[in-house]
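First up is the structure itself, then whatever we jot down about it.
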Amino acid sequence: MLQFVPFLCILITRTISRIMQRERIVNLRDEAQVGRKVLVQGWVRTFRNDQFIALNDGSCLSSLQLVIDREATDDAVKKRITTGAAIAAKGVIEASQGRGQVTELKVTDLEILGDADPELFPIQMKRHTMEFLREKAHLRFRTSTFGAVFRVRHALNFAVHKFFTDEGFFQIHTPIITGSDAEGAGEMFQVTTLDLNNVPKAEDGSIDFAEDFFGKTANLTVSGQLEAELGAMALGQVYTFGPTFRAENSNTSRHLAEFWMIEPEVAFADLASNMKLAEDCLKSILRYVLASCDEDLEFLENREIQAEKQLPQDQRHDAPLRARLQAVVDTPFQHVTYTEAIDLLQCSKPYKKKKFKYPVEWGVDLQSEHERWLVEKHFNGPVIITDYPASIKAFYMRQNDDGKTVAAMDVLVPGIGEIIGGSQREERLDRLQAKCAEFNIPEDHVWWYLDTRRFGSAVHSGFGMGFERLVMYVTGMTNIRDVIPFPRTPQNAEF
RNA sequence: UCCUCCAUAGCUCAGUUGGUUAGAGCAUCUGACUGUUAAUCAGAGGGUCCCUGGUUCAAGUCCAGGUGGGGGAGCCA
């Protein structure tokens with residue numbers, strides 16, 4: 001009978017460990033926690049002096065310092081406490097004797113949950129390049145930078161929903177697979193279940209899409225806007241927030257083949273209120289993350305400062321990250337028409353010194369270099385450019401009375417360029433039909449869109465905001481592939 | 001798609017006018033030390049110099065093509 005006693009003890013300990021709930025490190029960092037007996041689980045960042053483990057569980061940027069008993073801990077166990085290993089530790093929260101943290105965990109029980117072979121685990125406790133970590137996208141979450149980026153990304157996601165909900169908007173889930181091919185926002189990915197090695201042919205030799213899953217060609221959406229307009233013309237104010245897909249062969253630090261977009265659409269709203277909505281939206285979102293992500297933003301701010309040390313002075317930001325974001329919150333956005341912007345550019349120093357590579361004249365779209373001069377040099381803050389020439393904008397934008405321009409707006413921010421593009425929509429059926437003809441869009445492709453202009457049409461407006469560009473702007477990351485967990489770009493769909 | 005730069009140890013990078021056995025820091029391993037903060041100190045191991053071809057007595061180094069990546073541009077969000 002006596003031989004069962006130790007077994008019983010082990011059984012009881014194990015049961016306690018199961019009952020004991022895991023504490024998140026984010027909640028264990030203040031003095032009030034001292035004395036609490038807790039269980040933590042996470043991944044080892046460093047193991048110093050055979051005694052101090054920096055444990056990160058992702059709940060916040062900072063790690064919890066675990067202090068183990070060097071003498072009492074088995075050498076075999078200590079050997080397995082390596083960077084990247086998953087461990088569970090029980091103990092008591094104490095005031096830290098060392099600097100650098102308020103509290104630490106005096107460990108009484110330690111368990112290795114998952115080993116990380118130090119010869120093979122690629123993430124070291126040192127500076128890695130973003131390019132290297134991009135190839136290790138499955139493990140880069142374990143770094144401070146990407147932990148911070150993705151926590152901020154989440155906060156931004158939530159702030160978007162909070163803003164629109166507070167403003168009385170309803171989210172509309174627009175389709176990801178679309179039968180509409182008239183959105184004109186870019187090249188589309190085709191969706192098909194046809195056997196590409198043996199496609200059914202029609203009598204004239206062309207592919208017979210009547211045999212395909214939807215009985216016609218289908219694509220991944222490039223924008224939820226047209227469908228969102230339909231929602232707005234009944235629910236009043238709606239927004240979409242979902243993935244969008246562009247099959248453009250763009251290889252830049254600002255483009256993805258799969259990205260997330262926010263598209264509000266408001267009935268009875270003209271361009272002026274659309275601009276106000278865009279400004280309020282951006283400011284509200286920034287206010288939210290500034291208030292809720294300070295630790296992560298501080299880290300990202302310092303990361304940016306370190307990264308910019310390698311750049312020449314004129315390519316560095318003149319204010320730190322959080323100050324820049326705060327400035328956007330505090331400053332009214334500048335408004336300028338396209339026509340005024342052209343005038344400003346033609347009077348600018350780089351124009352007179354012929355430093356611009358592309359021509360500046362009315363009717364030609366603004367190039368990156370022009371937008372950059374306006375935003376970064378002339379206005380030095382967010383700018384809304386309105387009333388573009390009709391010829392360079394989409395078919396659905398409302399014609400202005402001058403007959404030359406449309407009620408469009410682009411919100412430009414320093415460092416990123418266009419972050420929001422929107423317009424007042426053409427609500428007059430005859431004008432819209434004329435535009436369809438002009439853009440070679442067959443009316444029977446967009447009959448459902450035109451119907452909203454046939455039945456109870458009304459003035460309405462909306463815009464699109466690239467979510468990843470917002471995340472870039474807020475985190476100071478300079479490559480869009482580093483603000484989405486698994487970027488999709490031409491020739492790259494790993495993971 | 002275009003322009004441009006780059007590719008050497010697990011990572012970040014040196015490598016001279018082409019010349020003997022290709023180096024450093026960090027990481028890893030071994031040992032020492034032990035209240036550390038990306039700990040410190042000593043030692044060790046670690047290389048298909050991206051691939052293919054060419055020039056040459058000799059190529060990490062020069063040339064051509066390819067592949068991969070960065071930055072910029074276009075398109076756009």
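Naming: A, B, ... by sequence-line order, numbering from 1 per chain.
- Within the 4.0 angstrom heavy-atom criterion, no nucleotide atom of any strand lies near A:Glu258.
- Listed pair A:Arg134 / B:G70 meets the phosphate criterion, a side-chain N or O lying under 4.0 Å from OP1 or OP2.
- A:Ser253 comes within 4.0 angstrom of the backbone, heavy atoms only, and of no base.
- Side-chain to base pairing of A:His128 with B:C11: no donor and acceptor N or O lie closer than 3.5 Å to each other.
- In this structure, A:Arg254 does not reach the B:C75 phosphate: none of its side-chain N or O atoms is under 4.0 Å from OP1 or OP2.
- Of the candidate nucleotides B:A73, B:A77, B:G71, B:G71 has the atom nearest to the side chain of A:Asn479.
- Across all strands shown, A:Thr244 has no heavy atoms under 4.0 Å from either base or sugar-phosphate atoms.
- Judged by distance alone, with hydrogens and angles left aside, A:Glu131 brings no side-chain donor or acceptor close enough to the base of B:G70 to form a pair under 3.5 Å.
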Would you tabulate the nitrogen or oxygen pairs shorter than 3.5 Å linking the protein to nucleotides 40-45 of chain B?
none

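- As judged by a 4.0 angstrom heavy-atom cut-off over every strand, A:Phe259 is placed among the base-contacting residues.
- One N or O donor and one acceptor, one from the side chain of A:Asn251 and one from the base of B:U1, sit under 3.5 Å apart.
- A:Glu468 and A:Arg153 are joined by a salt bridge, as a carboxylate oxygen and a charged side-chain nitrogen come within less than 4.0 angstrom of each other.
- Contact annotation for A:Gln65: base contact, defined as any heavy-atom pair under 4.0 Å involving a base atom.
- Residue A:Phe467 and nucleotide B:A77 are not classified as a stacked aromatic pair, given the requirement of ring centres less than 5.5 Å apart at an interplanar angle below 30°.
- Nucleic acid contact for A:Lys79: sugar-phosphate only, since backbone atoms but no base atoms lie under 4.0 Å from a heavy atom of the residue.
- If you check every strand for non-hydrogen atoms under 4.0 Å, A:Gln101 touches a base.
- As judged by a 4.0 angstrom heavy-atom cut-off over every strand, A:Ser250 is placed among the base-contacting residues.
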Inset, instruction - Would you write the dot-bracket representation of RNA chain B, where each base gets (, ), [, ], | or . depending on whether it forms a Watson-Crick or G-U pair under 3.5 Å and with which partner? - result: (((((((..((((.....[...)))).(((((.......))))).....(((((..]....))))))))))))....
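- In this model, no side-chain donor or acceptor of A:Arg70 finds a partner on the base of B:C33 within 3.5 Å.
- Residue contacts shown for A:Glu418 are limited to sugar-phosphate atoms, with no base heavy atom under 4.0 Å away.
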